[in-house]
Amino acid sequence: MSVLTIKDLHKSFGSNEVLKGIDLKVGEGDVVALIGASGSGKSTLLRCVNRLEAPTSGGVTFRGDPVTPENVNAIRRQIGMVFQRFNLFPHLTALGNITLAPRKVLKRSEEEVAAEGRALLKQVKLEAKEEAYPGELSGGQQQRVAIARALALKPAIMLFDEPTSALDPELVGEVLEVMRDLAKSGMTMIVATHEIAFARDVATRVLFLDNGLILEDGPPEQVLVNPREPRTREFLARVL
Ligand code: ADP
Ligand code: MG
């Protein structure tokens with residue numbers, strides 16, 4: 001069974017139809033890079049997956065269950081999301097940020113979640129920073145804490161919305177490295193990104209979103225090296 005199935009998804013904001021019929025199946029272990037110009041609908045698509053935006057029509061199923069207003073909270077726990085801005089809680093330490101949801105949402109014991117939180121900090125190469133507050137961390141470190149926090153609920157899929165776009169260039173690599181390790185570990189991921197080299201090296205599939213439609217969907221060597229569509233070629237010429 002696919003982890004995620006999107007069927008004929010449409011989303012309009014007023015008279016602006018942003019998604020014009022998206023069909024997509026994401027299987028276990030797929031690493032999908034979502035590329036496309038600013039305004040093409042990447043964020044809206046990711047946000048429709050866990051109903052941060054309600055689709056205008058069409059829908060999303062998660063492991064075979066349609067995502068509805070009724071079950072969305074249960075499903076959100078299984079979908080990790082990392083945004084461009086890290087949105088860490090400023091008054092909590094790195095470890096406190098990571099363990100908050102497991103404690104509050106899953107009501108698990110302090111000791112157990114702290115041990116798992118430390119393992120996650122190690123996974124994102126921040127084991128020395130468990131007591132640091134977000135204000136004491138660089139943007140790249142904060143984003144890695146945000147990734148660890150999303151992983152703390154043991155999600156079935158991780159959605160990344162331009163996770164390195166807000167970072168100084170010298171901090172991008174450390175975040176991409178953590179994401180690369182995560183992909184290698186078999187995590188199912190959708191990554192909206194302008195990092196074409198990352199998409200080429202890490203993604204199992206690349207989707208080119210253009211004007212609210214998936215114009216190309218294929219392995220990186222096809223979509224990024226030999227695109228079928230002139231619009232994909234134009235886009236790549238602009239970003240590469
Ligand atoms: P991308 O992430 O590819 O840059 P977005 O999904 O953010 O694209 O935006 C696609 C279009 O949807 C843009 O025209 C944007 O202005 C519009 N849009 C996104 N969110 C909203 C919103 N909450 N209200 C109105 N328009 C929106
Ligand atoms: Mg966006």
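On a predicted model such as this, the values are computed, not experimentally measured, just so you know. All ligand and atom numbering here is 1-based and tracks the order in the structure.
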(request) Give a yes or no on whether atom 20 (N) of ligand 1 lies under 4.0 Å from any heavy atom of the protein. (result) yes
(message) Looking at F86, I'd like to know if the NZ or CZ of R144 sits under 6.0 Å from its six-membered ring centre while staying within 45 degrees of the ring's axis.
(response)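 No; the conditions do not both hold, so R144 does not lie above the ring face of F86.
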Connected via hydrophobic side-chain network under 4.5 Å: [X] and [Y]:
X: I98; Y: F83; result: no
X: L159; Y: V191; result: no
X: V49; Y: L182; result: no

Closest approach of any protein heavy atom to [atom], naming residue and atom:
atom: atom 7 (O) of ligand 1; value: S43 CB, 3.7 Å
atom: atom 6 (O) of ligand 1; value: T44 OG1, 2.5 Å
atom: atom 15 (C) of ligand 1; value: N16 ND2, 4.8 Å
atom: atom 8 (O) of ligand 1; value: G41 N, 3.2 Å
atom: atom 23 (N) of ligand 1; value: F13 CE2, 3.5 Å
atom: atom 1 (P) of ligand 1; value: G39 N, 3.4 Å

(message) How long is the straight-line distance from CG of L88 back to CZ of R149, given to the nearest 0.5 Å?
(response) 5.0 Å
(request) Please round to the nearest 0.5 Å and tell me the distance separating atom CE of M1 and atom CD of E28. (result) 10.5 Å
(message) Tell me which one of K154, K122, R103 satisfies salt bridge (Lys or Arg N to Asp or Glu O under 4.0 Å) with E116.
(response)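 Answer after filtering K154, K122, R103: K154.
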(request) Taking the side chain as every heavy atom from C-beta outward, state whether D23 and L9 have any atom pair closer than 4.5 Å. (result) no
(request) Determine the minimum heavy-atom distance between T164 and V175, stating which atoms define it. (result)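 Between these two residues, the closest heavy atoms are CG2-CG1, 3.8 Å.
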(message) With a heavy-atom distance limit of 4.0 Å, tell me whether V18 approaches ligand 1 through its side chain, its backbone, both, or neither.
(response)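 Side chain only; the backbone of V18 stays clear of ligand 1.
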(request) Specify side chain, backbone, both or neither for A192, according to which of its non-hydrogen atoms lie closer than 4.0 Å to ligand 1. (result)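 Under 4.0 Å from ligand 1, A192 contributes no heavy atoms.
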(message) Strictly under 2.8 Å of the Mg ion (ligand 2): which protein N/O/S atoms qualify?
(response) S43 OG
(request) Mark the output for A37 as yes if a heavy-atom distance to ligand 1 is under 4.0 Å, and as no if none is. (result) yes
(request) Taking ring pair (Phe, Tyr, Trp, His ring centres under 6.0 Å) as the test, write out the residues that go with F160, two or more places apart. (result) none
(request) Could you list which atoms of ligand 1 come closer than 4.0 Å to a heavy atom of S38? (result)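 Reading through ligand 1 atom by atom, the close ones are 4 (O).
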(message) Less than 3.5 Å apart, any donor N or O on the side chain of S40 or D210 sitting next to an acceptor on the other?
(response) no
